[in-house]
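Heads up: the structure comes next, in structure tokens.
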Amino acid sequence: MKLKLVTTATLLSTAILAGCASTNEATPMNTDSKVIIAHRGASGYLPEHTLESKALAFMMGVKYVEQDIAMTRDNRLVVIHDHFLDRVTDVAKKFPKRARKDGRFYVVDFTLDEIRKLDFTEGFEIENGKMVQGYPDRFPMFKSKFKIHTLEEEIEFVQGLNKTLGLDIGLYVETKAPWFHKQEGKDISKAALEVLKKYGYTTKDSNVIFQTFDYPDLVYVKTELMPKMGMDLKTVMLLGYNSWNETFEFVDGQWQPYDFEYLLNTDNFGEISKYADGLGPSYEMLFDLEKTTKDHIVVNDLVAKAHENGMIVHPYTIRKDKLPDYVSTVDELYKAVLIDADADGVFTDFPDLGVKFLNNYKK
Ligand code: G3P
Ligand code: CA
């Protein structure tokens, strides 16, 4: 069964909304089933993917907290967004000789014990030899003390908090760069499923969504791995742009950039829905950007076509400190994504603001 039944009301509202500038304010949409997903935790307030940022998200009324994962040299899964360590840790200072030729420090080149020696920090880039914080108004770089943890530790943390707070917040696990891990001789998706199974997540009723940018790997997960392991989790296919070089696939004996055009073509949604319960597009993929202007949102048919094919849509990522030029406030962006485009939920670095938007809209 698909993640969300497409109701007549949903079909009607998506049909009305597709191609329209905005919703009819006289008949507000029922938003009860829409979910806020804490993107890398409450990462607008605390360094991304720290357990502290997950705890904060718990208190903000989210439905899911996200885990991006990469694999260490000794085959452990750690919760980190990049398969590199250098944007969010002091690895360059503690292990200066361990960069590859491209200057990056790869998670897969370090053991878990080594990674535990690093300090986790708000993200930064190196500009003219200096560390420059990616989001300058966020938590200060290298202040306080944060550490990288394993997927197991995060699951125990989430399950523990669900118990003590009487909540049922879900996991939203993304295997980072399965293609890269394959090049390194590692099957990150298999390892992730093994951990999830160990902690009792095995069926579509389990409170977890498995997400990936790697379509060939999703097909492998869905048609080979999960059946072999007696599992059938909810899955979300993430949609990217080719320019990001997010995914590679092995074709004709060599690794080539994956062409996202196939996934972005709504004619293929029927086929994609055989493997995915939902789609995770970047939020601007929901809009006709040629017609959208300041304070005038024009949605395209992506969400409607996904719903027609029984898939939910959870776009990423709303950040109040990085708004597109066609909105003036973060609330306008939540409205454009959740109401105008009728997405079923959204990833956001500021989960409290997403929850507040939905609560206010209901009123
Ligand atoms: O997984 C949804 C969203 O997190 C995708 O973007 O790059 O932050 O993983 P990214
Ligand atoms: Ca992610």
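Atoms within each ligand, like the ligands themselves, are counted from 1 in listed order.
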Q) Quick one: CG on Asp349 to CD1 on Ile318, what's the gap to the nearest 0.5 Å? A)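 Interatomic distance, Asp349 CG to Ile318 CD1, rounded to 0.5 Å: 10.0 Å.
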Q.
Could you measure the distance from the OG atom of Ser206 to the CE atom of Met231? Nearest 0.5 Å is fine.
A.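 Going from OG on Ser206 over to CE on Met231, the span is 7.5 Å.
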For [atom], what's the nearest protein heavy atom and its distance?
{"atom": "atom 9 (O) of ligand 1", "result": "Lys176 NZ, 2.8 Å"}
{"atom": "atom 6 (O) of ligand 1", "result": "Tyr316 CD1, 3.8 Å"}
{"atom": "atom 7 (O) of ligand 1", "result": "His81 NE2, 2.7 Å"}

Closer than 4.0 Å to some heavy atom of [X] - which atoms of ligand 1 meet that?
{"X": "Gln211", "answer": "1 (O), 2 (C)"}
{"X": "Arg40", "answer": "7 (O), 8 (O), 10 (P)"}
{"X": "Leu238", "answer": "1 (O), 2 (C)"}
{"X": "Glu66", "answer": "1 (O), 2 (C), 3 (C), 4 (O)"}
{"X": "His39", "answer": "3 (C), 4 (O), 8 (O), 10 (P)"}

Q: Look at the rings of Tyr326 and Phe287 and say which category their plane angle falls in: under 30° parallel, 30 to 60° tilted, over 60° perpendicular.
A: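 Tyr326 and Phe287: perpendicular rings.
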Q. Is the charged tip of Arg100 near the ring of Tyr106: under 6.0 Å from the six-membered ring centre and within 45° of its axis?
A.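 Relative to the ring axis of Tyr106, which defines the angle, Arg100 lies inside both limits.
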Q | Which segment of Phe347 sits under 4.0 Å of ligand 1 when only heavy atoms are counted | A |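 The answer is the side chain of Phe347.
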(Q) Please confirm whether the ring centroid of Trp255 lies under 6.0 Å from the ring centroid of Phe250. (A)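 Under 6.0 Å, so yes.
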**Q.** Lys356/Asp331 ion pair, N-O < 4.0 Å
**A.**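 The answer is no: the pair does not qualify as a salt bridge.
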